There are 2 protein chains.
Amino acid sequence: MKNSKAELIVDVAQRLFAKYGFKKTTIDEIAHSAHIAKGSIYYYFGSKEDIFRAVLDKENRLWSQKVREVINRASTPQEKLRAYLVTRTKYLSKLTNFYSALREEYLEHYAFIENIRKRYFREEIEIVKAILEEGVKKGIFKVEELGLMAFVIVAALKGLEYPWTMEIPMPDIEKSIDFLLKMSFNGLLKK
Amino acid sequence: MKNSKAELIVDVAQRLFAKYGFKKTTIDEIAHSAHIAKGSIYYYFGSKEDIFRAVLDKENRLWSQKVREVINRASTPQEKLRAYLVTRTKYLSKLTNFYSALREEYLEHYAFIENIRKRYFREEIEIVKAILEEGVKKGIFKVEELGLMAFVIVAALKGLEYPWTMEIPMPDIEKSIDFLLKMSFNGLLKK
DNA sequence: TTTTGACCAATTTGGTTATTTGGTCAATTC
DNA sequence: GAATTGACCAAATAACCAAATTGGTCAAAA
């Protein structure tokens, strides 16, 4: 038995949320699509928000796994940082629900979505922090305040996401990242 | 006579827009607050959007002036860049309408606000580009692609704005900027 | 232990009417 | 004639309300 009922619900909900968004997807639809009664859903989940959280968690686990995998495969801290930046950005747009929930759907700003957003923001900072830490330990990076540095990097990344929301013609994302990295490593100043 | 009627309208509208936002402020209110008839407003402005644009322009001129002033006062390109980053960020939050229009009010996403947003985004990029250009000419900076570099810097700045919208406890903004700058100048790598 | 569907309170929807809004303009004032 | 006015209008919005839908419950059944 590879799929428990709870997983089935999450899978179905994932598809529907992706298509219609959180608000427009109804529990009845989910139940119907999953060929179970509505009551069954509430046997496994406490609320609609709970289901959504489960979907987001699933997508985030996938993203997190992929990102960590790519980071581990890279050998130097520089490569790790680059691998992280490129992968996280490319992969993020594939996580339909995660992405739209944290960007578009926040028009409605549900409190629970805000919380999820914060949690993942912190998670990203932790990932970057770990990379920087390794770099410092290996004597490759020179960073005084790890936490702040990680914060600034992640915040800057968010900034790179922003323009394409605004439909400003944006230079190719990967090029921008490579550029940001090159500058980060070597600095602006002429040697 | 130091205030033309058009200026009076803009001043009154500025106050009201700041308090109630674009949508909730009515032409009747503006007319009433300015002690003139509604028709008079349309003698000077073509539409409500026009008035709003005028308010935004006024605030932007102020901001722009302040920023350029501070930049000119600084002597080295490094100082100019720092002066720009700090001033632009600190000052931006004072421009009530400008700020809220380009952040909160975009929930409604009026096309004309999107356009203004884009224009100011480009304006910021130009300012940064000019600073970088000077730095390169003086042989202080080493930047290959000026446009892209300026874009990345401004985008990163937007990223630093983002967290306090999300109410994530954010490290002090000035500290972050100094940090970002130090890193930008010297790079992450150990020498 | 799981599953069900009738059931309920609360919210959302669709349709209608009343009010307000942005914008016009002929008449009036300066 | 440039500037100002307020009554006026079509269109948008708010207010209202009944009907439908929604998230969530629960006693009964499997």
Side-chain angles (χ1 to χ4, degrees), chain A residues 1-56 97 101 104-113 115-116, chain B residues 1-56 97 101 104-113 115-116:
Chain A
M1 190 86 291
K2 76 165 196 251
N3 260 12
S4 80
K5 208 132 240 179
E7 282 178 71
L8 170 70
I9 294 170
V10 170
D11 287 348
V12 168
Q14 179 175 31
R15 217 184 60 232
L16 291 173
F17 282 140
K19 196 163 183 180
Y20 304 111
F22 173 73
K23 202 181 175 184
K24 296 234 173 189
T25 302
T26 68
I27 300 287
D28 278 316
E29 279 179 299
I30 296 174
H32 188 259
S33 284
H35 305 288
I36 56 175
K38 187 159 56 160
S40 301
I41 289 182
Y42 283 92
Y43 181 75
Y44 292 99
F45 296 92
S47 68
K48 192 184 177 185
E49 293 188 5
D50 271 350
I51 303 174
F52 195 63
R53 255 189 290 266
V55 170
L56 257 45
N97 291 294
E104 287 154 45
E105 197 117 43
Y106 80 133
L107 302 174
E108 317 276 346
H109 52 351
Y110 301 97
F112 82 99
I113 289 190
N115 287 335
I116 292 173
Chain B
M1 189 85 292
K2 75 164 195 245
N3 260 10
S4 83
K5 209 131 236 181
E7 282 179 72
L8 170 69
I9 293 170
V10 170
D11 286 348
V12 168
Q14 180 176 30
R15 216 184 61 232
L16 291 173
F17 282 140
K19 196 162 182 181
Y20 305 112
F22 173 73
K23 203 180 175 185
K24 296 233 173 191
T25 302
T26 70
I27 301 286
D28 278 316
E29 278 179 300
I30 297 174
H32 189 259
S33 283
H35 305 289
I36 56 176
K38 186 158 57 160
S40 301
I41 289 183
Y42 283 92
Y43 181 76
Y44 292 99
F45 296 92
S47 68
K48 191 184 177 186
E49 292 189 6
D50 270 350
I51 304 175
F52 195 63
R53 254 188 292 265
V55 170
L56 258 44
N97 293 294
E104 286 153 47
E105 197 118 40
Y106 81 133
L107 301 174
E108 316 275 347
H109 53 350
Y110 301 96
F112 83 98
I113 289 190
N115 287 334
I116 293 173

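Worth saying up front: this structure is predicted, and the values here are computed from it rather than measured. Order of the sequence lines fixes the chain letters, A, B, ..., with proteins taken first and strands second; residue numbering starts at 1 for each chain.
Taking both residues in full, the closest heavy atoms of A:Val55 and A:Ala13 are given as CG2-CB, 4.0 Å, listed atom of the first, atom of the second, then distance. The two residues B:Ala6 and B:Tyr44 come nearest to each other via the heavy atoms CB-CD2, 4.0 Å. Of all heavy-atom pairs spanning B:Ile30 and B:Val12, the tightest one is O-CG1, 3.8 Å.
To the nearest angstrom, P of C:dT2 lies 13 Å from CD1 of A:Ile36. In this structure, B:Ile30 atom CD1 and C:dG22 atom P are separated by 8 Å, rounded to whole Å. For the pair B:His32 NE2 and C:dT21 C1', the computed distance is 16 Å after rounding to whole Å. Straight-line distance from the NZ atom of A:Lys5 to the P atom of C:dT2: 11 Å, rounded to whole Å. Counting to the nearest Å, the P atom of C:dC8 and the CD1 atom of A:Ile27 are 20 Å from each other.
A heavy-atom distance below 4.5 Å is not found between the side chains of B:Phe17 and B:Leu56. Using a 4.5 Å heavy-atom threshold, the side chains of B:Tyr20 and B:Glu29 count as touching. For the pair A:Arg53 and A:Asp50, the minimum side-chain heavy-atom distance is below 4.5 Å. Side-chain contact between A:Tyr42 and A:Ile27 is present, with heavy atoms from C-beta onward closer than 4.5 Å.
Proximity of a side-chain donor or acceptor of B:Lys48 to a complementary backbone N or O of B:Phe22 within less than 3.5 Å is detected.
Contacts of residues 38-48 of chain A with DNA chain C (heavy atom under 4.0 Å): A:Gly39, A:Ser40, A:Tyr43, A:Tyr44.
Here chain B contacts DNA chain D (any atom closer than 4.0 Å to a heavy atom, that is under 4.0 Å), and the contacts span D:dA2 to D:dG6 from 5' to 3'.
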